There are 2 protein chains.
Amino acid sequence: MKKISSRFSVATHILVMMALSPPLTGDQMAASVQTNPVVIRRIIGQLKKAGLVNVKAGVGGATLRKDPCNITLLDVYRAVEVVQDNELFSFHEDPNPDCPVGANIERLLRKVMQEAQMAMEERLSQVRLQDLVGQLEIEN
Amino acid sequence: MKKISSRFSVATHILVMMALSPPLTGDQMAASVQTNPVVIRRIIGQLKKAGLVNVKAGVGGATLRKDPCNITLLDVYRAVEVVQDNELFSFHEDPNPDCPVGANIERLLRKVMQEAQMAMEERLSQVRLQDLVGQLEIEN
DNA sequence: AACAGATGTAACTATACTAGTTACAACAAG
DNA sequence: CTTGTTGTAACTAGTATAGTTACATCTGTT
């Protein structure tokens, strides 16, 4: 029932802003997203750790550390650690090894679900930050 | 986030069991999954609601209601409602409409993420319950 | 008719993630 | 030194998960 955290969409939002008009302070980005600045700072921290942005201490201001052509949405998705252990699906532990199904099903399921996850991530990897930036520029 | 609930893998597990040796009681399935029978009954309830299984009241015993060739993992995934509103990704509400990015980013992101979600679901729809059953039968 | 075993739920628990909030130390430029 | 910003810690409310106990209800069997 859960969804993937909005950290991902917020992170993409602020990265697009940085691509368009750097440098930006956390407060400016928070104003565009309309959330608390601390929420933004936490996400910036993750993006920094992933090497996607630079932040000037003291005076403030965040900028992209890579060309927006070289940042994919998969990079962003991974940076904000929206999925634990990079595994989207979870499994019930310790199925009964004495049951022919219990003993073997997990291995089969892991394979299938890994493929499904990869299909999703592959689609994300095909979208570059620049693609979003370009679409916004055309419209304005 | 964390992960997609293990309800999905558990549901698949017990459907495979039902395909191999019906009818099965909740306790038998719980023994194979190694969890509490109520957890199984709740999942069975969702599968029943989705029209995937039949349950005999009183005497007990669950069976598939469709041919395992006609049940895909996407059917199971949808049945157990692991994702709220069928939307895998979530968005931060009310971005600032006065910001050119805030005003337009959500629409772009929704499109991209919907495509990513569809890529994943498409992969799940390509796997039939029978495929898993067949692989288990070969091995035993 | 009574019994035994199964299902269907309600209610409660512990755990964990999310998103927001307040508070404050550290920093850097003017 | 002042000012505005960043980086965190700590706390909150809300919610999903998965497990558990308890119990009413149902049905085939004896």
Side-chain angles (χ1 to χ4, degrees), chain A residues 1-11 13-14 18 22-31 33-50 53-63 65 80-95, chain B residues 1-11 13-14 18 22-31 33-50 53-63 65 80-95:
Chain A
M1 318 233 154
K2 257 301 213 208
K3 296 169 186 265
I4 285 175
S5 162
S6 67
R7 278 202 305 277
F8 179 33
S9 68
V10 171
H13 179 151
I14 64 181
M18 285 182 231
L24 289 163
T25 68
D27 282 26
Q28 290 170 315
M29 295 185 271
V33 176
Q34 299 213 117
T35 185
N36 192 290
V38 175
V39 172
I40 300 293
R41 285 182 226 157
R42 280 199 282 241
I43 292 173
I44 293 278
Q46 295 185 287
L47 296 175
K48 201 167 60 168
K49 207 166 74 177
V53 304
N54 269 326
V55 180
K56 276 193 100 172
V59 59
T63 51
R65 200 165 152 188
V80 293
E81 290 169 333
V82 95
V83 165
Q84 166 190 344
D85 304 323
N86 256 327
E87 291 214 328
L88 181 59
F89 295 92
S90 63
F91 300 86
H92 190 279
E93 295 117 43
D94 315 316
Chain B
M1 87 168 163
K2 0 169 20 118
K3 297 163 187 265
I4 285 176
S5 162
S6 66
R7 280 202 301 279
F8 179 32
S9 68
V10 171
H13 180 150
I14 64 181
M18 284 183 233
L24 288 164
T25 69
D27 282 23
Q28 289 171 315
M29 295 186 272
V33 177
Q34 298 216 116
T35 185
N36 192 293
V38 175
V39 172
I40 299 294
R41 285 181 225 160
R42 281 199 283 242
I43 293 174
I44 293 277
Q46 294 185 288
L47 297 175
K48 200 166 62 170
K49 207 165 75 178
V53 305
N54 269 326
V55 180
K56 276 194 101 171
V59 60
T63 52
R65 198 165 153 189
V80 293
E81 291 168 331
V82 280
V83 165
Q84 166 188 345
D85 304 322
N86 256 328
E87 292 214 327
L88 182 59
F89 295 92
S90 63
F91 300 86
H92 189 279
E93 295 117 42
D94 316 315

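Worth saying up front: this structure is predicted, and the values here are computed from it rather than measured. Residue numbers begin at 1 in each chain, while the letters A, B, ... track the order of the sequences.
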Grab the N/O contacts between the protein and nucleotides 12-14 of chain D below 3.5 Å, and write none if there aren't any.
none

In whole angstroms, how far is the [atom2] atom of [N] from the [atom1] atom of [X]?
{"X": "A:Lys48", "N": "D:dG7", "atom1": "NZ", "atom2": "C1'", "result": "7 Å"}
{"X": "B:Ile40", "N": "C:dG8", "atom1": "CD1", "atom2": "P", "result": "13 Å"}
{"X": "A:Phe8", "N": "C:dA19", "atom1": "CZ", "atom2": "P", "result": "13 Å"}
{"X": "B:Ile44", "N": "C:dT7", "atom1": "CD1", "atom2": "P", "result": "8 Å"}
{"X": "B:Asp27", "N": "C:dG8", "atom1": "CG", "atom2": "P", "result": "12 Å"}
{"X": "A:Arg7", "N": "C:dA19", "atom1": "CZ", "atom2": "P", "result": "6 Å"}
{"X": "A:Met18", "N": "D:dT6", "atom1": "CE", "atom2": "C1'", "result": "13 Å"}
{"X": "B:Lys56", "N": "C:dG8", "atom1": "NZ", "atom2": "C1'", "result": "18 Å"}

Listed partners of B:Phe91 passing ring pair (Phe, Tyr, Trp, His ring centres under 6.0 Å), at least two apart: none
Separation of A:Leu47 CG from A:Asn54 CG (nearest 0.5 Å):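 Between atom CG of A:Asn54 and atom CG of A:Leu47 there are 11.5 Å.
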Spatial distance of atom NZ (A:Lys3) from atom CD (B:Glu87) [nearest 0.5 Å]: 4.5 Å
Closest-nucleotide ordering on DNA chain C, the 5'-leading residue of B:Ser90 and B:Gly60: B:Gly60
Phosphate contact (C:dT18 OP1 or OP2) by A:Lys3 side-chain N/O below 4.0 Å: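 No.
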Under 4.0 angstrom between A:Ser5 side-chain N/O and C:dC17 OP1 or OP2: no
Touch class at under 4.0 angstrom, heavy-atom based, for A:Gly58 against every strand present: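 Base contact.
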Touch class at under 4.0 angstrom, heavy-atom based, for B:Gly45 against every strand present: nothing
Test side-chain hydrogen bond (donor to acceptor under 3.5 Å, both in side chains) applied to B:Asn86 - qualifying residues, sequence neighbours left out: B:Arg78
Closest approach of B:Arg7 to B:Val82 (non-hydrogen atoms, all atoms of both residues):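 Between these two residues, the closest heavy atoms are NH2-CA, 3.9 Å.
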Nucleotides 20-25 of chain C: protein proximity per nucleotide (B base, S sugar-phosphate only, - neither; heavy atom, under 4.0 Å): BBBB--
Heavy-atom side-chain proximity of B:Val53 to B:Lys48 below 4.5 angstrom: yes
Contacts of type side-chain contact (heavy atoms from CB on, under 4.5 Å), residue B:Ala31, not counting sequence neighbours: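 Here no residue qualifies.
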Can I get a per-line list of side-chain donor-acceptor pairs under 3.5 Å for residues 34-42 of chain B, giving both atom names and the distance, sequence neighbours left out?
unit_1  : atom_1 : unit_2  : atom_2 : d
B:Gln34 : NE2    : A:Asp94 : O      : 2.8
B:Asn36 : OD1    : B:Val38 : N      : 2.9

Donor-acceptor contact present, side-chain A:Ser6 to main-chain A:Ser9, <3.5 Å: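 Side chain of A:Ser6 to backbone of A:Ser9, a donor-acceptor pair under 3.5 Å: no, none is there.
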